[in-house]
Undergrad: 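Pasting a structure here, questions to come.
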Amino acid sequence: MNPTVVRLAAAALLGRRRALVLLLIPAVLIALAILVRVLAHDAEGYDIVVTLGYTLALPLVALLAASACLGPEVDDGSIVYLLAKPVSRHVIAVSKFAVAALATLVFGALPLALVGIILDSGDVARALAWGVGGGVAGTTYAALFLALAALTRHAVVAGLLFVLIWEGVLGGLLAGIRWVSIGAWGRQAASALSDHVTDARLPLTYAVLAAVLTTLAALWATGDRLRSFTLRGDE
């Protein structure tokens, strides 16, 4: 990683309005969990972790973080100045990813664990399992959305369509989607840590390897795309 690129990416992430949204998403999720805990009995309402926290809030946080780390530089053309430096394009990609992934873990995966503890303080293991599953899925989402930010100026729209249609609608209708679903991979990792998390009916080894390989492939694609900016001077 390159410290300068990491610092610039962090400044871009925290210095824009997206930072407020990144804070707002987990804050709303935690507030809703507290409300459910006060109004409901025992562990009622725990599905909020899955339906809102895991399947919606987590990928949205990853999308916002990844697009904030790279998207604005591509949109305004300032990425050319960064690429003019003698730094490997793939090092730039990894540095950007490190910031996006860390933001996703802090604002996406960690709140999942906190919400789980709030809703059922007697089952901390399940809450931590969702946090780990969120970490697996969240970092993979971050890498994929970073690649989208490098490939297109409409990364946010493309990312939303991916989350809502592929991971959401089709993932709920077609059982086979779980083999190529980031959310299913993370859920399988979570189920390995707690019997109270419904698994995605996938081999754990496959889920972990799929997440790792997808992350590596997305980072390679991001670096390759950044290299093409120098060659063609486009966008």
Undergrad: Tell me whether Ser67 contacts the main-chain N or O of Leu64 through its side chain, where contact means a donor paired with an acceptor under 3.5 Å.
TA: yes
Undergrad: Check step by step if side-chain contact (heavy atoms from CB on, under 4.5 Å) holds for Asp123 and His196.
TA: CA-CA 9 Å; Asp123 193 353; His196 293 122; 2.9 Å; yes
Undergrad: If two hydrophobic side chains count as joined below 4.5 Å and joins carry through other members, does Ile30 share a cluster with Val124?
TA: no
Undergrad: Identify the heavy atoms of Gly134 and Leu112 that sit nearest to each other, and give their distance.
TA: CA-CD1, 3.9 Å
Undergrad: Can the positive tip of Arg126 be found less than 6.0 Å from the middle of the six-membered ring of Tyr46, inside 45° of the ring normal?
TA: yes
Undergrad: Between Ser121 (side chain) and Ile117 (backbone), is there a donor-acceptor pair under 3.5 Å?
TA: no
Undergrad: Starting from Val28 and following side-chain heavy-atom contacts under 4.5 Å between hydrophobic residues (I, L, V, M, F, W, Y), which residues can be reached?
TA: Leu24
Undergrad: Applying the 4.5 Å side-chain criterion to the ILVMFWY set and letting contacts propagate, would Leu216 and Leu146 be lumped into a single cluster?
TA: no
Undergrad: Linking I/L/V/M/F/W/Y whenever any side-chain heavy atoms sit under 4.5 Å apart, do Val106 and Trp130 land together?
TA: yes
Undergrad: When rounded to the nearest 0.5 angstrom, what is the spacing between CD1 in Ile118 and CG in Leu35?
TA: 11.5 Å
Undergrad: Nearest 0.5 angstrom please: Leu128 CG to Ser194 OG, how far?
TA: 9.5 Å
Undergrad: For the atom pair CG (Leu161) and NE2 (His154), what is the distance rounded to the nearest 0.5 Å?
TA: 11.5 Å
Undergrad: Indicate yes or no: at least one non-hydrogen side-chain atom of Thr55 is less than 4.5 angstrom from one of Pro59.
TA: no
Undergrad: Of the non-hydrogen atoms in Ala190 and Val197, which two are nearest, and what is the gap between them?
TA: CB-CG1, 4.0 Å
Undergrad: Would you find a donor on one side and an acceptor on the other, under 3.5 Å apart, between the side chain of Glu167 and the backbone of Gly183?
TA: yes
Undergrad: Measure from the side-chain N and O atoms of His90 to the backbone N and O of Leu219, and report whether any donor-acceptor pair falls under 3.5 Å.
TA: no
Undergrad: Looking at every heavy atom in both Ala66 and Ala142, which two are closest together, and how far apart are they?
TA: CB-O, 3.6 Å
Undergrad: Are Ile25 and Ile182 in one and the same hydrophobic cluster, where Ile, Leu, Val, Met, Phe, Trp and Tyr link if side-chain heavy atoms are under 4.5 Å apart?
TA: yes
Undergrad: Between Gly135 and Thr139, what is the shortest heavy-atom contact and its length?
TA: O-OG1, 2.8 Å
Undergrad: Counting N and O atoms only, with roles assigned by atom type, does the side chain of Thr140 sit under 3.5 Å from a partner on the main chain of Val136, one being a donor and the other an acceptor?
TA: yes
Undergrad: Does Ser181 use its side chain to pair, donor to acceptor, with the backbone of Arg178 at less than 3.5 Å?
TA: no
Undergrad: Check residues 200-213 and write down every donor-acceptor pair under 3.5 Å in which the side-chain atom is one partner and the other belongs to a residue at least two apart or another chain.
TA:
| residue | atom | partner | partner atom | Å |
| --- | --- | --- | --- | --- |
| Tyr206 | OH | Trp179 | O | 2.4 |

Undergrad: Find out whether Leu22 and Leu13 are in side-chain contact, i.e. whether some heavy atom of one side chain is under 4.5 Å from a heavy atom of the other.
TA: yes
Undergrad: In Å, rounded to the nearest 0.5 Å, how long is the span from OH of Tyr141 to CZ of Phe162?
TA: 6.0 Å
Undergrad: Kindly determine whether Leu60 and Val21 satisfy side-chain contact (heavy atoms from CB on, under 4.5 Å), including the steps that lead there.
TA: CA-CA 10 Å; Leu60 285 181; Val21 180; over 6 Å; no
Undergrad: Which is it for Leu105 and Leu110 under the side-chain contact (heavy atoms from CB on, under 4.5 Å) test, yes or no, and what are the steps along the way?
TA: CA-CA 6 Å; Leu105 291 175; Leu110 180 59; over 6 Å; no
Undergrad: What is the distance from atom CG of Leu32 to atom CD1 of Ile48, rounded to the nearest 0.5 Å?
TA: 3.5 Å
Undergrad: Using 0.5 Å steps for rounding, measure from the CG atom of Leu63 to the CG atom of Leu148.
TA: 8.0 Å
Undergrad: Linking I/L/V/M/F/W/Y whenever any side-chain heavy atoms sit under 4.5 Å apart, do Ile165 and Leu144 land together?
TA: yes
Undergrad: Looking at every heavy atom in both Trp166 and Val180, which two are closest together, and how far apart are they?
TA: NE1-O, 3.2 Å
Undergrad: Under a 4.5 Å cut-off applied to non-hydrogen side-chain atoms, are Val156 and Phe145 in contact?
TA: no
Undergrad: Would you check if the side chain of Thr104 reaches a backbone N or O of Ala100 as a donor-acceptor pair within less than 3.5 Å?
TA: yes
Undergrad: Of all heavy-atom pairs between Ala93 and Gly223, which one has the smallest distance, and what is that distance?
TA: CB-N, 3.8 Å
